[in-house]
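For this chain, numbers begin at 1 and follow the sequence in order.
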Amino acid sequence: MEKREELYRGKAKSVYTTDDQDRLILLFRDDTSAFDGRKTSQLNRKGMVNNKFNAFIMQKLEDAGIPTQHDRVIASNESLVKRLNMVPVECVVRNISAGSICRRLGVEEGKDLNPPTFEFFLKNDELHDPMINEYHIASFGWAEPTHVEKMKELTFKVNDILKALFLQGNMLLVDYKLEFGLYKGQVILGDEFTPDGCRLWDKDTREKLDKDRFRQDLGDVVESYEMVGQRLGVSFD
Ligand code: TMP
Ligand code: ASP
C-alpha cells in the first residue's frame with residue numbers, strides 16, 4: 001500500500017490517499033484539541049494509543065454486525081480505511097448527563113438518562129458544531145432521510161454493544177459521538193472511536209478517564225486512555 005498526498009488535516013488526525021482509490025490512510029497524530037480547536041496540546045504516544053484503541057473497538061463493532069470503515073492497522077499510528085463520502089453530521093448518544101447538555105439544559109452532571117438521549121450536531125468548528133435536527137439535515141441535503149434513519153439505528157446499536165464492553169472493564173459509557181459516511185451507497189461507521197470522542201467513567205469512583213482529563217486539566221491524559229484500553233484487553237506493545 002503506497003501512501004500518496006495528504007487529503008485532509010483534522011485537529012488530531014490526517015488523512016492520506018493511497019494507490020487504491022477505495023482506501024485511505026488515517027494517521028493518528030499526537031495532537032490533541034478541545035473546545036473547537038481553542039485548546040491544543042501535543043501528548044506523547046497519543047497517536048499510537050488512539051490508533052490501537054480505535055482498531056480494537058472497530059473490530060468489536062464489526063464482529064457485532066456494525067459496518068465500519070476500518071480495514072487494518074498498518075503502522076503504530078496509522079490505519080488503512082475504506083474511503084467514504086462523509087456525512088457532515090455528528091451523532092451523539094448520552095447515557096448519563098455531562099458536558100454540553102448540562103450547560104444547555106441546566107441539568108446537573110451525572111444524572112442517568114432513561115432512555116438515552118440522541119442529538120445531531122453539524123460538523124463545523126467555526127459555528128461551534130451547532131445542534132441540528134432531522135429537518136435541517138433534509139432541508140439542506142446533508143443526508144438522505146433513509147440514511148439518517150440508518151445512522152440513528154446504528155448509533156443506538158453501538159450503544160448496546162459498547163455499554164456492555166466497557167462495563168466488563170468496570171467503566172460507564174457516559175456519552176459518545178459517531179460520524180458516518182457512504183461507501184458504495186451503504187451507510188458505514190467512519191472516523192474513530194477513542195477516548196477523544198466519548199466520556200468514560202470508572203464505575204465505582206466515577207473518575208473521568210476520557211478527554212475531559214485534557215479539557216479540565218486533570219492530567220495523565222494518555223496514561224488514562226491506555227488504562228482504559230488495558231481494562232478492555234487492548235495491547236499497546
Ligand atoms: P458534548 O457534551 O460536548 O456535546 O459532547 C458529547 C460527546 O460527544 C462527548 O463525548 C464528546 C463528543 N463530541 C466530540 O468528540 N466532538 C464533537 O464535535 C462533539 C459535538 C461531541
Ligand atoms: N467539537 C469539540 C472540539 O472540536 C469537541 C471537544 O471539545 O472535544 O474540540
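- Side-chain atoms of S97 come within 3.5 Å of backbone N or O of K111 as a donor-acceptor pair.
- D71 has a carboxylate O that lies under 4.0 Å from a charged side-chain N of R23, or vice versa, which qualifies the two as a salt bridge.
- Clustering ILVMFWY residues whenever any of their side-chain heavy atoms sit less than 4.5 angstrom apart, transitively, puts V148 in the very cluster that holds I132.
- Here the straight-line distance linking atom CD1 of I66 with atom CD1 of I188 works out to 10.5 Å at 0.5 Å rounding.
- In this structure, K52 contributes its side chain and N77 its backbone to no donor-acceptor pair below 3.5 Å.
- Closest of all the heavy-atom pairs between G37 and T40 is O-CG2, 3.6 Å.
- For the pair K46 and T32, the minimum side-chain heavy-atom distance is below 4.5 Å.
- Judged purely by atom type and a 3.5 angstrom limit, N51 uses its side chain to pair as donor or acceptor with the backbone of S76.
- The number of heavy-atom neighbours closer than 6.0 Å to CD of Q230, taken from other residues, nucleotides and ligands shown, is above 12.
- In the hydrophobic clustering of ILVMFWY residues, with side-chain heavy atoms under 4.5 Å counting as a link, V234 and V158 come out together.
- Side-chain polar atoms of E144 and T146 form no donor-acceptor pair below 3.5 angstrom.
- Heavy atoms only, all atoms of each residue included: N50 and P195 are closest at OD1-CD, 4.0 Å.
- R72 and S79 share no side-chain donor-acceptor pair at under 3.5 Å.
- Between L127 and P130, the closest heavy-atom pair is O-CD, 3.4 Å.
- Listed for the Y176 side chain is a donor-acceptor partner under 3.5 Å among the backbone atoms of N159.
- With values rounded to the nearest 0.5 angstrom, E119 atom CD is found 5.0 Å from M131 atom CE.
- Residues M151 and L178 share a single hydrophobic cluster, defined by chaining ILVMFWY side chains whose heavy atoms lie under 4.5 Å apart.
- The shortest distance between side-chain heavy atoms of H147 and L182 falls below 4.5 Å.
- What you find for L154 and V187 is that their closest heavy atoms are CD1-O, 4.0 Å.
- Formation of a donor-acceptor pair under 3.5 Å by the Q69 side chain with backbone atoms of V81 is not found in this model.
- Residue F56 comes nearest to L232 through the heavy atom pair CZ-O, 3.2 Å, listed as atom of the first residue, atom of the second, then distance.
- Side chains of N170 and D202 form a contact here, defined as non-hydrogen atoms less than 4.5 Å apart.
- K82 contributes a side-chain N or O that, together with a main-chain N or O of T68, makes up a donor-acceptor pair within less than 3.5 Å.
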* To do: Tell me, with the steps shown, if R45 and D30 meet side chain to side chain contact (heavy atoms under 4.5 Å, CB included).
  => CA-CA 6 Å; R45 300 176 72 250; D30 284 347; 5.6 Å; no
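- Within the 3.5 Å criterion, the main-chain N or O of F35 finds a donor-acceptor partner in the side chain of R38.
- Between D31 and K13, no side-chain nitrogen of the basic residue sits less than 4.0 Å from a carboxylate oxygen of the acidic one, so the salt-bridge criterion is not met.
- Interatomic distance, CE of M171 versus CG of L162, reported as 11.0 Å (0.5 Å rounding).
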* To do: Begin from the C-alpha positions of V15 and E6 and carry the test side chain to side chain contact (heavy atoms under 4.5 Å, CB included) through to its verdict.
  => CA-CA 6 Å; V15 182; E6 187 177 79; over 6 Å; no
* Evaluation steps, side-chain hydrogen bond (donor to acceptor under 3.5 Å, both in side chains), between D129 and N124 -> CA-CA 5 Å; D129 294 343; N124 186 320; over 6 Å; no
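- Judged by the 6.0 Å distance and 45° axis criteria, K3 is positioned over the aromatic ring of Y16.
- The pair R4-E2 meets the salt-bridge criterion, since a charged nitrogen lies less than 4.0 angstrom from a carboxylate oxygen.
- D160 places no side-chain N or O within donor-acceptor distance of the main-chain N or O of K163, the cut-off being under 3.5 Å.
- Summarising the local packing, CD of Q216 is surrounded by more than 12 heavy atoms from other residues, nucleotides or ligands at distances under 6.0 Å.
- Annotation: Q21, atom CD; neighbour count of heavy atoms from other residues, nucleotides and ligands within 6.0 Å does not exceed 12.
- Classification of the W142-F140 ring pair by plane angle, with boundaries at 30° and 60°, yields parallel.
- Side-chain contact between E179 and M86: present, with at least one pair of heavy atoms (C-beta onward) separated by less than 4.5 Å.
- Under the 4.5 Å side-chain contact rule for hydrophobic residues, L113 and F118 do not share a cluster.
- There is no side-chain donor-acceptor pair under 3.5 Å between T18 and D20.
- If you chain together hydrophobic residues whose side chains sit under 4.5 Å apart, L80 and L84 never meet in one group.
- A salt bridge is defined here as a Lys NZ or Arg NE, NH1 or NH2 lying under 4.0 Å from an Asp or Glu carboxylate O, and K39 with D217 meets this definition.
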* Begin from the C-alpha positions of F166 and I57 and carry the test side chain to side chain contact (heavy atoms under 4.5 Å, CB included) through to its verdict. => CA-CA 10 Å; F166 286 111; I57 297 287; 4.1 Å; yes
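- In this structure, F53 has its ring center no closer than 6.0 Å to that of Y225.
- One finds the CG atom of L7 at 11.5 Å from the CD1 atom of I25 (value rounded to the nearest 0.5 Å).
- D191 has its side chain within reach of K177: a pair of non-hydrogen atoms, C-beta onward, lies under 4.5 Å apart.
- Side-chain contact check for D175 and N95: no donor-acceptor pair (N or O, by modelled atom type) lies under 3.5 Å.
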* Apply the test side chain to side chain contact (heavy atoms under 4.5 Å, CB included) to residues F180 and T155: give CA-CA distance (whole Å), side-chain angles for both, the deciding distance (0.1 Å), then the verdict. => CA-CA 9 Å; F180 293 88; T155 302; 3.2 Å; yes
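- Between D196 and R215, the shortest heavy-atom distance links the atoms O-NH2, 4.2 Å.
- A heavy-atom distance below 4.5 Å is not found between the side chains of R29 and Q42.
- The salt bridge (Lys or Arg N to Asp or Glu O under 4.0 Å) with E109 is formed by just one residue from the set K208, R94, R206, R199; it is K208.
- Taken to the nearest 0.5 Å, the CE atom of M58 stands 13.0 Å off from the CG atom of D63.
- Panel note: side chain R83, backbone D22; no donor-acceptor pair is recorded below 3.5 Å.
- The CD atom of E149 lies 6.0 Å from the CD atom of E134; values are rounded to the nearest 0.5 Å.
- Between R213 and E223 no salt bridge is recorded (no basic side-chain N to carboxylate O distance below 4.0 Å).
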